[in-house]
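Structure record follows, encoded as structure tokens.
Chain letters run A, B, ... following the sequence lines, proteins first and then strands; every chain starts at 1. All values below were derived from every heavy atom in this structure, side-chain atoms included, with hydrogens, water molecules and symmetry-related copies excluded.
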Protein chains: 2
Amino acid sequence: MVSQQRARPGSRTPSVKDVAAAADVSLGTVSNVLNRPERVSPATRERVERAMADLGFVRNESARQLRAGTSRTLAYVMLDATNPFFNDVAQGIELAAEDADLSLFICNSNGRAEREETHLDRLLQQRVQGILITPVNADAPHLDEIARRGIPVVIVDRHRESDAFCSVGVDDVLGGRIAVEHLIEQGHSRVAFVGGPDSIGQVRERLEGARQIWAEFGRNPEDLVWLPTDALSVSEGRSAGERLAGIAARRRPTAAFCANDLLALGLLQQAVGAGARVPEDLAIVGFDDIEFAAAAAVPLTSVRQPRQELGRAAAKLLLDEATNPHHRHEQATFIPELVARASTANRSATQS
Amino acid sequence: MVSQQRARPGSRTPSVKDVAAAADVSLGTVSNVLNRPERVSPATRERVERAMADLGFVRNESARQLRAGTSRTLAYVMLDATNPFFNDVAQGIELAAEDADLSLFICNSNGRAEREETHLDRLLQQRVQGILITPVNADAPHLDEIARRGIPVVIVDRHRESDAFCSVGVDDVLGGRIAVEHLIEQGHSRVAFVGGPDSIGQVRERLEGARQIWAEFGRNPEDLVWLPTDALSVSEGRSAGERLAGIAARRRPTAAFCANDLLALGLLQQAVGAGARVPEDLAIVGFDDIEFAAAAAVPLTSVRQPRQELGRAAAKLLLDEATNPHHRHEQATFIPELVARASTANRSATQS
DNA sequence: GGGGTCTGTTGAAATGTTTCAAGACGTGTA
DNA sequence: TACACGTCTTGAAACATTTCAACAGACCCC
């Protein structure tokens, strides 16, 4: 009848004290059942456990944490929750956290520095055990401040010059190299690099790698044109596509290397929508190898990052820093690898 | 020099007590500065604030929560973090939480009931203010238990028979109707429904809607064929595509309505990869209208759910339940709408 | 029967904050 | 001068848990 029944009026949620009374033991014993069950005799333990079940006891984590001084949660501050890449990273972290019997608190800065700051503030207040973060700005000064407080911080998908933190990431320069090398092998002699803003470290490094290999093959630097974007998003990819289409045909690149897959998908969509054939008229390489890269109707060639593995490794470093007194900071660098698909199919091959 | 400098050995993180000592006021005054600044004189307030800054004081949320009895966080238990739809919902929740000055704790059950249970356990221990959840199973009994404890629970993207909870969702039957009506209008007389398992409420309802409109147009039920899948994922979409291709040409549906966009993208990929033209040989309609639907190289027609709005509305209901003593449970149902794109372009129209 | 050891159990202290009744102090009024 | 009133400030109690030194009792051995 009453559709919004709440807990009975007089009843608080029961505490250890209530359990102790119900099981007719002392407070300390209840706590022992919770934390060191082997120390209490089977008979008492069973009595206490029954009392807990009867009362519907749920341990109060705040009180536990206040007294014990240690929290049971890790946090990951994501850069962009709408980018599947970061969700895969998060999943890797989550798995590692699960193994260590910790909770993972996921926050999303959404690319906004001030939101990132709010999140970090709150995490500090919560006294989380450690923070994993893909920061908005590479030089986020808050992070140093946090590290100085003794809270482990691991930077994900980004590297710092300094060795003040652990970090995990992929060799972005190498990633840029293999992407463009692949395009060169496919016979392209005029290539676009799509990406930006260049405040983002990855963008700079991937471009750097592209330029390196381009030079090593003795190509003219002017034939590697950079189409800058304001963000690494699908819509920016589309707009880059329009700019690309605007270039006179004889000067237009026949291939594009995009700084991530979202850009590549946008570019692909724009190109196909405008009637271009992919890869015949325009070959496209993305970066990250998110699931949607393979699922695109013209499956996207991409530089794969070990997404989940990245998260897992980051979490491991964090846990080491949190528990191992001899911990030394470490920059874990993974090797990216090219996954060739239809969007760059060999130009001589016919497409079904 | 020392690359892993920690906080100075003897120093704990400072407490209100330390601040009080430094500012030469009582403990209570520091607390007032924190919670009712208007009650303390400007001079003292300034002194206390200076002391906080000097000491690098960070309020201990556990202690606050223990004493105040109320937490400042909401939680969302996601069903599948790799599905962009749920991330958009989460973003809507996050925005509403931000407005209410609450933190959002995001967990991911990943479709596993036991993981969901662990998360809920922990959330109970944390005494979160309320829980938003897209449950793995519609009848999750834990939820009743939690509600009975007086903790507000809102079900997201799913409806319950009972009115024991608030919930938000879209009219899935209507969604199925408009999707199939669109295909009928496009001249299709044999249509496939791709989706499963049918333990999922949305799948059942979307199919139900499809069948309703099919019947209302006087079509033969046998011409609406159901291709069941084991999950709502891209790879299941691909495999459904293979089964579809296996049907003899004269009996094969010319259009498919997929229970969500991931399935639709998988199906699209498989079809195009196998040489079929979309929409000429196979028209495809998805559901959710995730960003990647529009970005697919053959942009996907989809039934749009107001993704972010769904999250926002859910959070509002939760906050109402948490704060308004006269709260009544409410099932908010949004109206889905068809977004027509190239994957079902009018059959008579030529494709650019 | 005294001493030692081992196993379980206890009770009090401690954690960092908020709240609240009560106190201090100053100002204005009779 | 006494009193009332306002404005700030204070100190102690309370929140739910964990920890730890101390203790009770059982058992064994000489």
Worksheet entry | Sugar-phosphate, base or nothing in reach of A:S15, heavy atoms under 4.0 Å | sugar-phosphate

Practice prompt. May I ask you to decide if B:S15's main-chain N or O and B:D18's side chain share a donor-acceptor pair within less than 3.5 Å?
Written response: yes

Item to complete: Return yes when atom CG of A:D99 has more than 12 non-hydrogen atoms of other residues, nucleotides or ligands closer than 6.0 Å, and no otherwise.
Response: yes

Worksheet entry | 5' to 3' contact window, DNA chain D with chain A (heavy-atom distance under 4.0 Å) | D:dA16 to D:dT19

Item to complete: Return the set of residues passing side-chain hydrogen bond (donor to acceptor under 3.5 Å, both in side chains) with A:S71 (not counting sequence neighbours), or none when no residue passes.
Response: none

Worksheet entry | Pairs satisfying side chain to side chain donor-acceptor pair (under 3.5 Å), at least one member in residues 103-112 of chain B, at least two apart | A:E98-B:R112, A:R122-B:S103, B:R112-B:E114

Item to complete: Within residues 39-69 of chain A, find the residues that approach DNA chain D with a heavy atom at under 4.0 Å, and present them sorted by residue number.
Response: A:F57, A:V58, A:R59, A:N60, A:A63, A:R64, A:R67

Worksheet item: Taking only residues two or more places apart in sequence, or in another chain, which ones meet B:A21 in a side chain to side chain contact (heavy atoms under 4.5 Å, CB included)?
Response: none

Item to complete: Verify, without hydrogens or angle tests, whether B:T323 (side chain) and B:L319 (backbone) share a donor-acceptor contact under 3.5 angstrom.
Response: yes

Fill in: Which residue lies more 5' along DNA chain D, comparing B:E38 with A:V16 via nearest heavy atoms
B:E38

Worksheet item: At under 4.0 Å between heavy atoms, what does A:R127 touch on the DNA or RNA strands: base, sugar-phosphate, or nothing?
Response: nothing

Discussion item. Applying ring-ring contact (aromatic ring centres under 6.0 Å, His included), can you list everything that pairs with B:Y76, at least two apart in sequence or on another chain?
Written reply: none

Practice prompt. Could you check whether A:N35 gets within reach of a base, just the sugar-phosphate, or nothing at all, counting any heavy atom under 4.0 Å?
Written response: sugar-phosphate

Discussion item. Classify B:V30 by what it touches in the nucleic acid, base, sugar-phosphate, or nothing, heavy-atom distance under 4.0 Å.
Written reply: nothing

Item to complete: Walk me through it: do A:R72 and A:D101 pass the test side chain to side chain contact (heavy atoms under 4.5 Å, CB included)?
Response: CA-CA 8 Å; A:R72 305 290 303 152; A:D101 199 34; 4.0 Å; yes

Donor-acceptor pairs are to be reported for all side-chain atoms of residues 83-90 of chain B against protein atoms at under 3.5 Å, with residues two or more places apart or in another chain.
| residue | atom | partner | partner atom | Å |
| --- | --- | --- | --- | --- |
| B:N83 | OD1 | B:F85 | N | 2.9 |
| B:N87 | ND2 | B:A81 | O | 2.8 |
| B:D88 | OD2 | B:R307 | NE | 2.7 |

Discussion item. Please enumerate all residues that pass side chain to side chain contact (heavy atoms under 4.5 Å, CB included) together with B:Q331, with sequence neighbours excluded.
Written reply: B:H159, B:D163, B:S167

Worksheet item: Sequence neighbours excluded, which residues qualify as side-chain hydrogen bond (donor to acceptor under 3.5 Å, both in side chains) partners of B:R59?
Response: B:N35

Fill in: Pairs where residues 45-55 of chain B contributes a residue and the test side chain to side chain donor-acceptor pair (under 3.5 Å) is met, not counting sequence neighbours
none

Worksheet item: Taking 5' to 3' order, which nucleotide of DNA chain C is first and which is last to have an atom within less than 4.0 Å of a heavy atom in chain A?
Response: C:dG8 to C:dG16

Discussion item. Could you work out how much the helix from C:dG1-D:dC30 to C:dA30-D:dT1 bends, comparing the axis of its first five pairs with that of its last five, to 10°?
Written reply: 60°

Fill in: Under 3.5 Å: donor-acceptor pair, side chain of A:E330, backbone of A:V168
no

